[in-house]
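Chain letters run A, B, ... following the sequence lines, proteins first and then strands; every chain starts at 1.
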Amino acid sequence: MSGADLTRGGSDINSRRNDAVRWVFFACAALSILTTFAIALVLIEGSIDFFGDVSIVEFFTTTEWSPIIQPRSYGILPLIWGTLIITVGSALVAIPVGTATAIYLSEYASSRVRSIVKPTLEILAGIPTIVYGFFALSFITPRLQGVFPQTGTFNAAAGAIVVGVMIIPMVSSLSEDAMSAVPDSLREAAYGLGATEYEVSTQVVVPASISGVLASYVLAISRAIGETMAVTLAAGMSPNITFNPLEPIQTMTAYMVQVGISDVSVGSIGYQSLFAVGMTLFVLTLSMNVFSMWVRSRYREEYQ
Amino acid sequence: MSTDTGSESPFASAGDVDRKHLIGRVFVGMCFLSTLVGIVALGLLLADVAYESWGWVTWEFLTYPPSRTIENYLPGGRGAGIFPALIGSILLIALTAIFTVFLGVGAAVYLEEYAPDSRFTSFIEANISNLAGVPSIVYGLLGLAIFVRAFQLGSSLIAGALTLTLLILPIVIVSAQESLRAVPDSQRRAAYGVGATQWEVIRDVVLPSAMPGIMTGTILALSRAIGETAPILMVGAATSMFTAPYSLTGPFSAMPMQIFDWARLPQDDFQHVAAAGIVVLLTVLLAMNAVAIYIRHRFETQL
C-alpha cells in the first residue's frame with residue numbers, strides 16, 4: 001500500500017469509502033450490544049417456556065431437583081445451595097490468602113520479588129478449569145480422604161478448595177493494584193507519626209484502597225459462582241442440601257453440564273430447564289458484576 | 001493509630017516497641033506464607049499432572065484416536081490417544097482467531113478512532129466490560145440457541161468457533177483498544193498533514209503500529225479459549241471422537257472435552273490418560289503464550 005494519496009482527485013469516492021468503513025467498524029462494536037440482547041432474549045425465551053409448565057413458586061421454594069429423571073421435580077434450591085457452598089468455601093480460601101498476598105506484594109516485597117511472584121500467580125488464572133477439576137480429583141480428594149476417611153469421591157470441599165486457589169490471583173492482583181495506587185505521601189505521613197510497617201499496612205493502606213479490594217472480592221466471588229468444569233468434576237452431580245462439605249453436591253453450572261452431556265431432546269422440560277437455570281445464574285453474576293463496579297465508584301478515593 | 005498506649009507519656013516504652021515489632025514480624029510472616037500458598041498450589045498442580053502422566057505421553061498418544069480400553073494406551077496395545085481432539089482444538093482455535101481478529105479489531109478501531117464521546121459510546125464500553133463477566137457456560141447456551149438451533153449449524157466446528165468468538169471478544173476488544181491508544185497522536189497528525197483520509201490514517205499508520213500489541217492480546221485470549229470446556233460442551237461438542245473433524249459443519253471434539261471424558265471414567269488408570277491429555281493441552285497453551293511473549297519482545301523496541 002502506498003501511504004497517503006496526495007492527489008485528491010476522487011474525494012467524493014474517498015469520503016463515501018470513509019463512511020462505509022466507518023459503518024463496518026461501527027457494526028463490529030454494535031455486535032457487543034447485539035450479543036447482550038441475544039443472551040437476554042435466549043434466556044428469557046427459554047425460561048418462559050419452562051415457567052409455562054412449572055410454577056415459579058415451586059421453582060424457587062421446593063427442595064427436590066430432578067427435571068430430567070422420573071419422578072420429576074423442579075425445586076432449584078439444592079442447586080443454589082450447592083453453588084452457595086462452593087462460593088462461600090472458595091471465598092474463605094481466596095479472600096484471606098489473596099488479601100495477605102496483595103499486602104505482601106504491595107508493601108513488603110522488593111520490586112524484584114514482585115516482578116517474579118505476580119506473573120507466577122497469574123499463571124494460576126490462565127490454567128484451564130478442567131485441569132483444576134482433574135487436580136481436585138487426583139490430588140485434593142485423596143488427601144482429604146487421608147484425613148477424613150468418609151470423604152466421597154465427589155465432595156464439596158475439594159471443589160471449594162480448588163475454586164479458591166483458582167480465584168486467588170483475581171483477588172491478589174486486583175487488590176495489589178489498588179494498594180499500589182495509594183500515594184506514598186500517606187505512608188510517609190504515618191511513618192512520621194511513628195507508625196510501624198504493620199500499622200501502615202493495616203491502618204493506612206488497606207483502608208485507603210478498600211474500594212478496589214472489595215471490588216476484587218465481588219469479582220472473584222462472581223467468578224466462583226459461574227465456575228463450571230472444576231466444580232463438576234470435583235463436587236459431583238448430586239443435587240443435595242447438606243451441611244457436610246465432604247458429601248457430593250451439584251452447582252447450577254454442574255447441572256447445566258449434566259444436561260449438556262446427556263441426550264435431552266429439544267423442547268423437553270429438561271432442555272427448557274437449562275435456560276431457567278442459566279437465567280438464574282446470569283442474573284446472579286450480572287448483579288454481582290454491577291455491584292462490583294458500583295463499589296469501586298462509590299468508595300473511590302481520589303488522589304492527585 | 002489504634003494502638004494508643006493511653007499513658008501520659010507521649011513516648012512508647014521499650015516493652016511497647018518490642019511488642020509492636022513482634023506483631024509486625026508475625027504479620028509479615030503470615031503475609032509471606034499466604035503468598036507462598038498460591039505458588040505452592042501451582043507447583044503441586046504441575047507436579048501432580050507431571051507425575052500422573054509420566055510415561056503416558058507417547059507418540060501413539062498424539063497420533064491415535066481414543067479408546068475405551070486402557071490396554072490400548074499402553075505400550076504393546078493397538079495405540080490410542082488424543083489425535084481427533086488435538087486436531088479439533090487446532091481447527092477450532094484457527095477459526096476463532098479469524099473471526100476474533102476481524103470483529104475485535106473492528107470494534108476497537110471504532111471505539112478508539114471513530115466513536116464520538118457520547119453516552120451511546122460509553123454504553124457500548126460498559127456493555128463490553130459486563131460481557132467479560134458473563135460465565136462462559138452462559139455463552140454456551142447462547143451458542144446452542146442461536147448458532148446450533150436458530151442458524152441450523154448443528155453441533156459443528158463452526159458453531160463452536162462462533163461461540164468461542166463471542167466469549168473472548170470482550171477481552172480482545174479491550175486489549176486492542178489499549179494498543180490503539182498507545183499509538184502516539186503525533187503519528188496520526190503527521191499523516192493527516194500530508195492529506196491522508198481517516199481510513200488511510202488508520203490503515204497505513206495506526207494499525208501497523210498497534211499490530212504487535214493487538215496480536216499479543218489476541219493470542220493470549222485465544223489461549224484462554226483453547227482451554228474452555230463449558231461453552232463447547234453446551235454447543236454439543238463430542239466427548240470422544242474417533243476421527244478428526246472433516247468439515248466445518250461436521251461434528252467435532254476438542255482437547256478439554258476429551259480430558260473431561262477421560263477424567264470422569266471410573267477406572268483409575270484413566271487418570272493417567274487424562275493427565276497425559278492435560279500435558280498436551282498445557283503444552284499447546286504454553287506454546288501460544290510463548291508466541292505472544294515473543295511478539296511483544298520482538299516489537300517492543302520499535303515503538
Side-chain angles (χ1 to χ4, degrees), chain A residues 1 3-4 6 8 14 17-18 21-22 24-26 28-29 31-33 35-36 38-39 42 97 100-101 103-105 108 117 120-121 123-124 128 130-131 133-135 137-139 165 168-169 195-199 203 222 226 228-229 233 253 256-257 260-261 274-275 278 281-282 285 289, chain B residues 1-3 20 23-24 27-28 30-32 34-35 37-39 41-42 44-45 48 52 103 106-107 109-111 114 124 127-128 130-131 133-138 141-142 145-146 166 169 191 194-200 204 227 229-230 233-234 239 256 259-260 263 271 274-275 278 281:
Chain A
M1 279 299 131
L6 289 177
R8 287 279 70 119
N14 260 319
R17 181 187 292 169
N18 248 338
V21 167
R22 185 193 159 95
V24 169
F25 287 137
F26 174 76
C28 294
L31 181 70
S32 76
I33 293 175
T35 307
T36 309
I39 290 177
V42 160
V97 171
T101 303
I103 293 175
Y104 183 78
L105 291 178
Y108 294 99
V117 171
T120 310
L121 285 178
I123 295 176
L124 279 175
I130 186 88
V131 180
F134 172 82
F135 180 60
L137 269 184
S138 81
F139 188 85
V165 169
I168 286 175
T196 62
E197 260 191 316
Y198 163 70
E199 287 163 340
Q203 290 164 38
S222 163
T228 307
M229 296 323 287
L233 269 181
T253 51
M256 294 165 76
V257 168
I261 54 178
L274 265 182
F275 294 89
L281 176 73
F282 177 71
T285 51
N289 293 340
Chain B
M1 300 292 112
S2 69
T3 45
K20 279 187 177 183
I23 292 174
F27 181 70
V28 185
M30 276 168 45
C31 289
F32 180 69
S34 299
T35 308
V37 169
I39 296 170
L42 178 64
L44 281 177
L45 186 144
D48 180 57
E52 296 280 352
L103 296 174
V109 165
Y110 176 76
L111 290 172
Y114 287 101
I124 294 183
N127 181 53
I128 288 172
N130 257 328
L131 279 178
V134 174
S136 61
I137 195 161
V138 172
L141 276 188
L142 178 70
I146 301 284
L166 292 186
L169 214 45
V194 295
T197 63
Q198 188 169 21
W199 165 231
E200 285 163 344
D204 299 329
T229 322
L233 186 147
M234 297 313 298
T239 44
I259 293 165
F260 176 58
Q271 290 301 306
I278 288 174
L281 174 64

> Can you list the steps and then say if A:Thr35 with B:Leu169 is a side-chain contact (heavy atoms from CB on, under 4.5 Å)?
Replying inline: CA-CA 10 Å; A:Thr35 307; B:Leu169 214 45; 5.8 Å; no
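At a 4.5 Å heavy-atom cutoff, the contact between B:Leu131 and chain A is made by side-chain atoms alone. Only the side chain of A:Met229 has a heavy atom closer than 4.5 Å to any heavy atom of chain B. Both the backbone and the side chain of A:Leu274 come within contact range of chain B, judged by heavy atoms closer than 4.5 Å. Of the atoms belonging to A:Ile33, heavy atoms from both backbone and side chain fall under 4.5 Å from chain B. If you measure heavy-atom distances from A:Ile261 to chain B, the contacts under 4.5 Å come from both the backbone and the side chain. With a 4.5 angstrom heavy-atom cutoff, A:Tyr108 touches chain B only via side-chain atoms. Heavy-atom distances place both the backbone and the side chain of A:Ile39 under 4.5 Å from chain B. A:Thr196 touches chain B through its side chain: at least one heavy atom from C-beta onward sits under 4.5 Å away, while N, CA, C and O do not. Only the side chain of A:Thr228 comes within contact range of chain B, judged by heavy atoms closer than 4.5 Å. In this structure, the portions of A:Val131 lying under 4.5 Å from any heavy atom of chain B include both its backbone and its side chain.
The choice from B:Leu281, B:Leu233, B:Val138 that makes the most heavy-atom pairs within less than 4.5 Å of chain A is B:Leu233. Chain A forms the most heavy-atom pairs under 4.5 Å with one residue out of B:Ile259, B:Val28, B:Ile128, B:Leu166, and that residue is B:Val28.
In this structure the side chain of B:Glu200 reaches within 4.5 angstrom of the side chain of B:Thr197, judged on heavy atoms.
For B:Glu52, the side chain to side chain contact (heavy atoms under 4.5 Å, CB included) partners two or more places apart in sequence, or in a different chain, are A:Phe134, A:Ser138, B:Asp48, B:Gln271, B:His272, B:Ala275. For B:Asn130, the side chain to side chain contact (heavy atoms under 4.5 Å, CB included) test picks out A:Leu286, A:Asn289, A:Val290, A:Met293, with sequence neighbours left out.
Ring planes of B:Trp199 and A:Phe25: tilted class, angle from 30 to 60°.
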